[in-house]
Trainee: 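Have a look at this one.
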There are 2 protein chains.
Amino acid sequence: MFERKGYDMKINKELMKGSTSILVLALLSREDMYGYQISRRLSLDTGNIFEMKEGTLYPMLHSLENERAVESYWLDAENGKRRKYYRITDHGRKLLNEKQHEWESYSNAVNTVLGGACYE
Amino acid sequence: MFERKGYDMKINKELMKGSTSILVLALLSREDMYGYQISRRLSLDTGNIFEMKEGTLYPMLHSLENERAVESYWLDAENGKRRKYYRITDHGRKLLNEKQHEWESYSNAVNTVLGGACYE
DNA sequence: CTATATACATAGAATATCTATGTATATAGG
DNA sequence: CCTATATACATAGATATTCTATGTATATAG
């Protein structure tokens with residue numbers, strides 16, 4: 001995660017904590033997706049800023065399912081692979097909405113503090 | 001941390017991870033401060049969104065000092081207490097600058113993904 | 001036939017923050 | 001007078017999240 005190709009941009013992995021599930025829920029709010037697709041889409045949408053590893057993504061999808069924020073179903077792809085699709089639930093949408101408000105409060109607060117920073 | 005008074009707004013504590021040191025460095029970039037003052041200021045500046053606990057703040061100040069991002073010195077206050085002030089170093093300012101760029105990339109990426117979210 | 005991409009999954013390591021606790025002094029309230 | 005609260009520093013251990021490493025399996029490209 002956080003290995004930008006070109007000019008080895010490295011973002012502190014810890015920044016990611018707590019917001020990964022928001023990202024996944026946001027993607028699923030638009031369309032059903034399967035795990036591998038989610039990880040690809042995240043890299044694509046963010047110019048490789050986020051590269052969510054499978055060791056992070058799959059356990060998270062399972063725990064989102066446990067808390068009834070998403071539901072899953074299997075489909076066979078034309079390429080011969082089995083794909084486990086995830087669909088967001090009403091509860092999941094509510095959760096996403098809450099998390100988005102949290103994120104706004106949080107990022108505004110960080111920007112407020114950083115806004116006063118002095119570099120020399 | 002993250003207990004907003006009025007309408008028990010609770011922000012996922014995990015969101016904080018990785019950005020706490022940026023906040024501390026940003027405050028110190030403007031003026032020397034002591035630990036207790038930093039924790040108060042953070043609460044004040046962010047409307048109680050951030051309430052950095054002492055168990056988080058003091059160890060972090062120590063590790064920032066270990067990596068030479070800050071320096072400390074003791075002063076006696078007029079109220080009879082001893083205060084350990086922290087001063088940011090040149091290295092610390094460089095670090096702050098880098099971390100701020102990381103934060104921008106990161107928050108832009110999150111906003112990009114959230115921007116496409118659909119709530120019903 | 002071997003490497004790579006796709007596709008799912010789990011166990012254990014690493015790390016950051018929190019909770020809980022400790023010390024000590026000053027001040028306000030009962 | 002005594003106790004609670006605020007100030008001010010500090011550390012040990014619990015908790016939680018993500019990462020690393022590894023595993024399975026199939027299809028396709030070279």
Side-chain angles (χ1 to χ4, degrees), chain A residues 1-3 10-24 32-44 49-67 70 72-86 99 102 106 110, chain B residues 1-3 10-24 32-44 49-67 70 72-86 99 102 106 110:
Chain A
M1 198 182 273
F2 298 125
E3 284 295 323
K10 265 203 302 197
I11 293 195
N12 186 338
K13 300 168 185 176
E14 299 306 319
L15 276 176
M16 194 65 177
K17 293 200 174 168
S19 39
T20 38
S21 61
I22 315 180
L23 300 177
V24 171
D32 292 6
M33 294 176 84
Y34 56 95
Y36 196 75
Q37 185 184 14
I38 290 172
S39 81
R40 293 285 130 155
R41 176 66 71 78
L42 274 178
S43 297
L44 209 67
I49 293 285
F50 295 152
E51 287 183 25
M52 198 179 295
K53 297 296 161 52
E54 288 161 292
T56 305
L57 180 59
Y58 290 112
M60 189 171 58
L61 286 169
H62 299 158
S63 65
L64 282 173
E65 192 167 21
N66 280 336
E67 46 176 314
V70 301
S72 65
Y73 55 95
W74 288 94
L75 281 185
D76 290 316
E78 63 288 343
N79 66 359
K81 314 259 196 264
R82 297 182 70 224
R83 291 168 175 168
K84 195 175 185 179
Y85 280 82
Y86 289 89
K99 281 172 175 294
E102 282 179 23
Y106 171 76
V110 172
Chain B
M1 200 182 271
F2 297 124
E3 286 295 325
K10 263 202 301 196
I11 293 194
N12 186 337
K13 300 167 183 176
E14 300 307 319
L15 276 177
M16 194 64 178
K17 292 200 176 168
S19 40
T20 39
S21 61
I22 314 181
L23 299 176
V24 171
D32 292 6
M33 294 175 84
Y34 57 96
Y36 196 76
Q37 185 184 13
I38 290 172
S39 80
R40 292 286 129 156
R41 176 65 71 79
L42 275 178
S43 297
L44 209 66
I49 293 284
F50 296 151
E51 286 182 24
M52 197 180 293
K53 297 296 161 54
E54 289 160 291
T56 304
L57 181 59
Y58 289 113
M60 187 170 60
L61 286 169
H62 299 158
S63 64
L64 282 173
E65 193 167 21
N66 281 335
E67 48 176 313
V70 301
S72 67
Y73 55 95
W74 287 93
L75 282 185
D76 291 317
E78 63 289 341
N79 66 358
K81 313 260 195 268
R82 297 182 71 225
R83 291 167 175 168
K84 195 176 187 178
Y85 280 83
Y86 289 90
K99 281 172 175 293
E102 282 179 23
Y106 169 77
V110 173

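In the text below, chain A, chain B and the rest are named by the order of the sequence lines, each starting its count at 1.
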Trainee: Among the nucleotides C/dC18, D/dC9, C/dA9, which one has an atom lying closest to any side-chain atom of B/Thr56?
Mentor: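 Between C/dC18, D/dC9, C/dA9, the one nearest the side chain of B/Thr56 would be C/dC18.
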
Trainee: Report the distance from atom CD of B/Glu67 to atom C1' of C/dT15, rounded to the nearest whole Å.
Mentor: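 The answer, rounded to whole Å, is 14 Å.
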
Trainee: Verify the contact: side-chain N or O of A/Arg40 to OP1 or OP2 of C/dA7, cut-off strictly under 4.0 Å; return yes or no.
Mentor: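 For C/dA7, OP1/OP2 do not have a side-chain N/O of A/Arg40 under 4.0 Å.
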
Trainee: Quick one: which protein N/O atoms are closer than 3.5 Å to N/O atoms of nucleotides 23-26 of chain D? Pair and distance per line, please.
Mentor:
unit_1, atom_1, unit_2, atom_2, d
D/dT26, O2, A/Lys81, NZ, 2.5

Trainee: Hey, which of these two, B/Tyr86 or A/Leu57, hits DNA chain D nearer its 5' end, going by closest nucleotide?
Mentor: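 Of the two residues, B/Tyr86 wins.
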
Trainee: Can you find a side chain N or O atom of A/Arg83 that sits less than 4.0 Å from OP1 or OP2 on C/dA7?
Mentor: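 Affirmative; the distance criterion is met.
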
Trainee: To the nearest 0.5 Å, tell me how far B/Glu54 CD sits from B/Ile38 CD1.
Mentor: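 It comes to 12.0 Å.
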
Trainee: Is the phosphate of D/dA8 approached by B/Tyr34 (side-chain N or O, under 4.0 Å from OP1 or OP2)?
Mentor: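 Checking D/dA8 against B/Tyr34, a side-chain N or O does come within under 4.0 Å of OP1 or OP2.
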
Trainee: From B/Glu51 CD over to B/Lys53 NZ, what is the distance, rounded to the nearest 0.5 angstrom?
Mentor: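 So the gap between those two atoms works out to 6.5 Å.
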
Trainee: According to the side-chain hydrogen bond (donor to acceptor under 3.5 Å, both in side chains) rule, which pairs have a member within residues 33-43 of chain B, sequence neighbours left out?
Mentor: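 Checked against side-chain hydrogen bond (donor to acceptor under 3.5 Å, both in side chains) - neighbours excluded - the pairs reaching residues 33-43 of chain B are B/Glu31-B/Arg41, B/Tyr34-B/Arg83, B/Tyr36-B/Arg40.
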
Trainee: B/Ser19 versus B/Tyr106: any side-chain heavy-atom pair under 4.5 Å?
Mentor: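 B/Ser19 does not reach B/Tyr106 side chain to side chain.
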
Trainee: What base-paired stems does DNA chain D take part in, with at least 3 consecutive Watson-Crick or G-U wobble pairs and both distances under 3.5 Å?
Mentor: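 Stem list for DNA chain D: C:1-30 with D:1-30.
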
Trainee: To the nearest 0.5 Å, what is the distance between NZ (A/Lys84) and CG (A/Leu75)?
Mentor: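 One gets 12.5 Å once the value is rounded to the nearest 0.5 Å.
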
Trainee: Nearest-nucleotide wise, let me know which of A/Pro59 and A/Glu78 is further upstream toward the 5' end of DNA chain D.
Mentor: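 Its nucleotide being nearer the 5' end, the pick is A/Pro59.
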
Trainee: For B/Asn66 and C/dA16, give me the distance from atom CG to atom P, rounded to whole Å.
Mentor: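 Distance, rounded to whole Å: 13 Å.
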
Trainee: Does A/His62 have a side-chain nitrogen or oxygen under 4.0 Å from the phosphate oxygens OP1 or OP2 of C/dT10?
Mentor: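 Checking C/dT10 against A/His62, a side-chain N or O does come within under 4.0 Å of OP1 or OP2.
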
Trainee: Establish, with yes or no, whether the OP1 or OP2 oxygen of C/dA16 is under 4.0 angstrom from a side-chain nitrogen or oxygen of B/Thr20.
Mentor: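 It does not, given that no N or O in the side chain of B/Thr20 lies less than 4.0 Å from OP1 or OP2 of C/dA16.
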
Trainee: What's the CG-P distance between A/Leu64 and D/dT17, to the nearest Å?
Mentor: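 My rounded result for the distance is 11 Å.
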
Trainee: Nearest 0.5 Å, please: how far is OG1 in B/Thr20 from CE in B/Met52?
Mentor: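 Here the interatomic distance stands at 5.5 Å.
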
Trainee: Test of understanding: with side chain to side chain donor-acceptor pair (under 3.5 Å), list the residues that count as partners of A/Ser72, not counting sequence neighbours.
Mentor: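 Partners of A/Ser72 by the side chain to side chain donor-acceptor pair (under 3.5 Å) criterion, ordered by chain and then number, come out as A/Glu65.
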
Trainee: Between D/dT17 atom P and A/Phe50 atom CZ, what is the distance in whole Å?
Mentor: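 For the pair A/Phe50 CZ and D/dT17 P, the rounded distance is 17 Å.
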
Trainee: Tell me: CE of B/Met60 to P of C/dA16, nearest whole Å?
Mentor: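 My rounded result for the distance is 11 Å.
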
Trainee: Do the ring planes of B/Tyr73 and B/Tyr85 sit parallel (below 30°), tilted (30 to 60°) or perpendicular (above 60°)?
Mentor: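 Parallel.
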
Trainee: Could you check how far OH of A/Tyr85 sits from C1' of C/dA7, rounded to whole Å?
Mentor: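 Distance check: A/Tyr85 OH to C/dA7 C1' gives 11 Å.
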
Trainee: Would you indicate whether the side-chain heavy atoms of A/Leu61 and A/Val24 approach each other to under 4.5 Å?
Mentor: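 The answer is yes; the side chains approach within 4.5 Å.
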
Trainee: Touch check for A/Gly35, heavy atoms < 4.0 angstrom, all strands: base, sugar-phosphate only, or nothing?
Mentor: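 The residue A/Gly35 makes sugar-phosphate contact but no base contact.
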
Trainee: Using atom CE of A/Met52 as one end and atom P of C/dC8 as the other, report the distance to the nearest whole Å.
Mentor: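 About 14 Å, once rounded to whole Å.
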
Trainee: Can you figure out which of D/dA8, C/dT17, C/dA7 approaches the side chain of B/Tyr36 most closely?
Mentor: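 Taking heavy atoms from C-beta onward, the closest nucleotide is D/dA8.
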
Trainee: Taking only the side-chain nitrogens and oxygens of B/Lys53, find out if one of them lies under 4.0 Å from OP1 or OP2 of C/dA20.
Mentor: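 False: B/Lys53 side-chain N/O out of range (4.0 Å or more) of C/dA20 OP1/OP2.
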
Trainee: Say you draw a straight line from NE2 of B/His62 to OH of B/Tyr86; how long is it, rounded to the nearest 0.5 Å?
Mentor: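 One gets 4.0 Å once the value is rounded to the nearest 0.5 Å.
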
Trainee: Check the distance between D/dC9's P and B/Asp76's CG and give it to me in whole angstrom.
Mentor: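 Taking CG of B/Asp76 and P of D/dC9, I get 12 Å after rounding.
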
